[in-house]
S.K.: 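Mind having a look at this structure? Questions to follow.
Naming convention: chains lettered A, B, ... in sequence-line order (proteins, then strands); numbering from 1 in each chain.
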Protein chains: 2
Amino acid sequence: MRISTKGRYGLTIMIELAKNQGEGPTSLKTIAQANNLSEHYLEQLIAPLRNAGLVKSIRGAYGGYILADAPTKITAGDVIRVLEGPITLVEGIEDEEPAQRELWIRIRDAIKSVLDHTTLEDLASHSNDTETDGYMFYI
Amino acid sequence: MRISTKGRYGLTIMIELAKNQGEGPTSLKTIAQANNLSEHYLEQLIAPLRNAGLVKSIRGAYGGYILADAPTKITAGDVIRVLEGPITLVEGIEDEEPAQRELWIRIRDAIKSVLDHTTLEDLASHSNDTETDGYMFYI
DNA sequence: ATAAATACATAGTAATGTGATAGGCATTAG
DNA sequence: CTAATGCCTATCACATTACTATGTATTTAT
């Protein structure tokens with residue numbers, strides 16, 4: 001139950017685009033350098049985001065990417081769903097054991113609620129928070 | 001962001017033990033056959049549950065496993081935590097990008113709340129529900 | 001005592017996913 | 001034209017998953 005770097009880096013890209021919104025295209029090179037990530041790897045992550053219509057690309061020199069919609073209209077769920085795939089908490093659809101079904105449903109709903117109510121604007125506006133707590137990321 | 005069969009089958013074992021509570025030890029063979037699972041694989045899953053003190057083993061013929069505590073005292077979180085490891089939503093502890101921190105914290109808290117408030121008794125008492133909806137497992 | 005049933009242990013393995021790296025083609029501003 | 005950038009395909013090392021295989025140790029029923 002881990003969110004891979006796909007989703008995390010994808011969100012990083014989208015947050016950067018949200019911060020630069022209205023200022024012309026932002027290149028992946030810029031984002032990669034600012035976040036110390038591999039530009040080539042980010043290319044692979046933004047391809048599905050483009051195909052999903054979440055970003056628009058401007059090709060050629062001084063090109064880059066812009067958000068396809070306002071930061072208030074794009075949610076973390078939009079991004080995570082594209083990059084982490086059709087997220088299945090459990091795989092077996094015809095689960096022979098109904099005992100666990102309600103548990104997964106409750107967890108799914110909880111995650112879904114958070115993802116779909118957090119917009120890129122929410123995330124971009126917290127970029128300057130600095131408090132850190134490593135344990136916070138363990139369940 | 002998927003819960004593997006480790007966690008699922010582990011819960012299956014624990015739910016079976018909860019249902020048979022007070023009726024002597026239940027063998028893995030019985031549980032494996034009832035749920036159409038590999039007994040050998042279940043052996044590997046129950047080892048950490050035993051080491052964590054969630055179940056007790058009775059060796060020898062007509063032995064098996066019993067819950068180490070009442071089904072009302074053991075939560076889904078106890079089981080999932082043991083089998084899915086120290087669950088990290090994200091890995092980087094010293095995250096350079098604080099923008100996403102609050103998102104992961106919210107999701108973590110939501111999942112944690114569900115896992116820690118669902119007991120084996122809750123799960124065992126829903127064993128006979130039969131409604132099915134495949135889409136329910138996608139986020 | 002013996003045989004059956006069961007827990008306990010270790011190793012191997014095919015398939016898949018992750019997190020990249022490498023190289024090159026296509027497009028466009030200047 | 002040239003540099004900057006997007007776009008595309010391939011490859012790869014590593015870890016994880018979901019088992020399977022092959023035992024050994026322990027206890028009970030007979």
S.K.: Are side-chain N/O atoms of B/Tyr62 and B/Ser27 paired as donor and acceptor at under 3.5 Å?
M.R.: no

S.K.: With the threshold set at under 4.0 Å for non-hydrogen atoms, list the residues of residues 53-69 of chain A touching DNA chain C in residue-number order.
M.R.: A/Arg59, A/Gly60, A/Ala61

S.K.: Is the shortest side-chain heavy-atom distance between A/Thr75 and A/Thr118 below 4.5 Å?
M.R.: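 In short, these two side chains do not touch, never coming nearer than 4.5 Å.
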
S.K.: Restricting to nitrogen or oxygen on both sides, can you table the protein-nucleotides 9-15 of chain D pairs closer than 3.5 Å?
M.R.:
none

S.K.: Main chain of A/Ile31, side chain of A/Asn35: is a donor-acceptor contact present, judged purely on distance under 3.5 Å?
M.R.: yes

S.K.: Carefully, step by step, assess B/Asp116 and B/Arg81 under the rule salt bridge (Lys or Arg N to Asp or Glu O under 4.0 Å).
M.R.: CA-CA 10 Å; B/Asp116 291 343; B/Arg81 257 179 278 260; 2.2 Å; yes

S.K.: Has B/Ser38 got a side-chain N or O lying under 4.0 Å from the OP1 or OP2 atom of D/dC19?
M.R.: no

S.K.: Rounded off to whole Å, could you give me the CG-to-C1' distance for the B/Leu28 and C/dA5 pair?
M.R.: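 These atoms are roughly 12 Å apart.
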
S.K.: So does B/Lys6 get a side-chain nitrogen or oxygen closer than 4.0 Å to the phosphate oxygens (OP1/OP2) of D/dT17?
M.R.: yes

S.K.: Ignoring backbone atoms, establish whether A/Tyr41 has a side-chain N or O less than 4.0 Å from OP1 or OP2 of C/dT18.
M.R.: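 Looking at the OP1 and OP2 atoms of C/dT18, neither is under 4.0 Å from any side-chain N or O of A/Tyr41.
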
S.K.: Please identify which of these residues, B/Leu123, B/Asn20, B/Val79, B/Asp122, meets the side-chain contact (heavy atoms from CB on, under 4.5 Å) condition with B/Ile15.
M.R.: B/Leu123

S.K.: Looking at side-chain heavy atoms only, is the closest gap between A/Leu67 and A/Met14 below 4.5 Å?
M.R.: yes

S.K.: Return the value, rounded to whole Å, for the distance between atom CG of A/Leu45 and atom C1' of C/dT21.
M.R.: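 My rounded result for the distance is 14 Å.
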
S.K.: Identify which one of A/Thr26, A/Val55, A/Ile58 satisfies the side-chain contact (heavy atoms from CB on, under 4.5 Å) criterion when paired with A/Ile66.
M.R.: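 Considering A/Thr26, A/Val55, A/Ile58, a side-chain contact (heavy atoms from CB on, under 4.5 Å) with A/Ile66 is found only for A/Ile58.
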
S.K.: Does A/Ala110 offer a backbone N or O that forms a donor-acceptor pair with the side chain of A/Ser113 under 3.5 Å?
M.R.: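 No; judged by distance alone, with no hydrogens or angles, the pair does not exist.
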
S.K.: With respect to the phosphate group of C/dA9, does any side-chain polar atom (N or O) of B/Arg50 fall under 4.0 Å of OP1 or OP2?
M.R.: yes

S.K.: So, OP1 or OP2 of C/dT18: does either fall under 4.0 Å of a side-chain N or O from A/Thr5?
M.R.: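 No, outside the criterion.
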
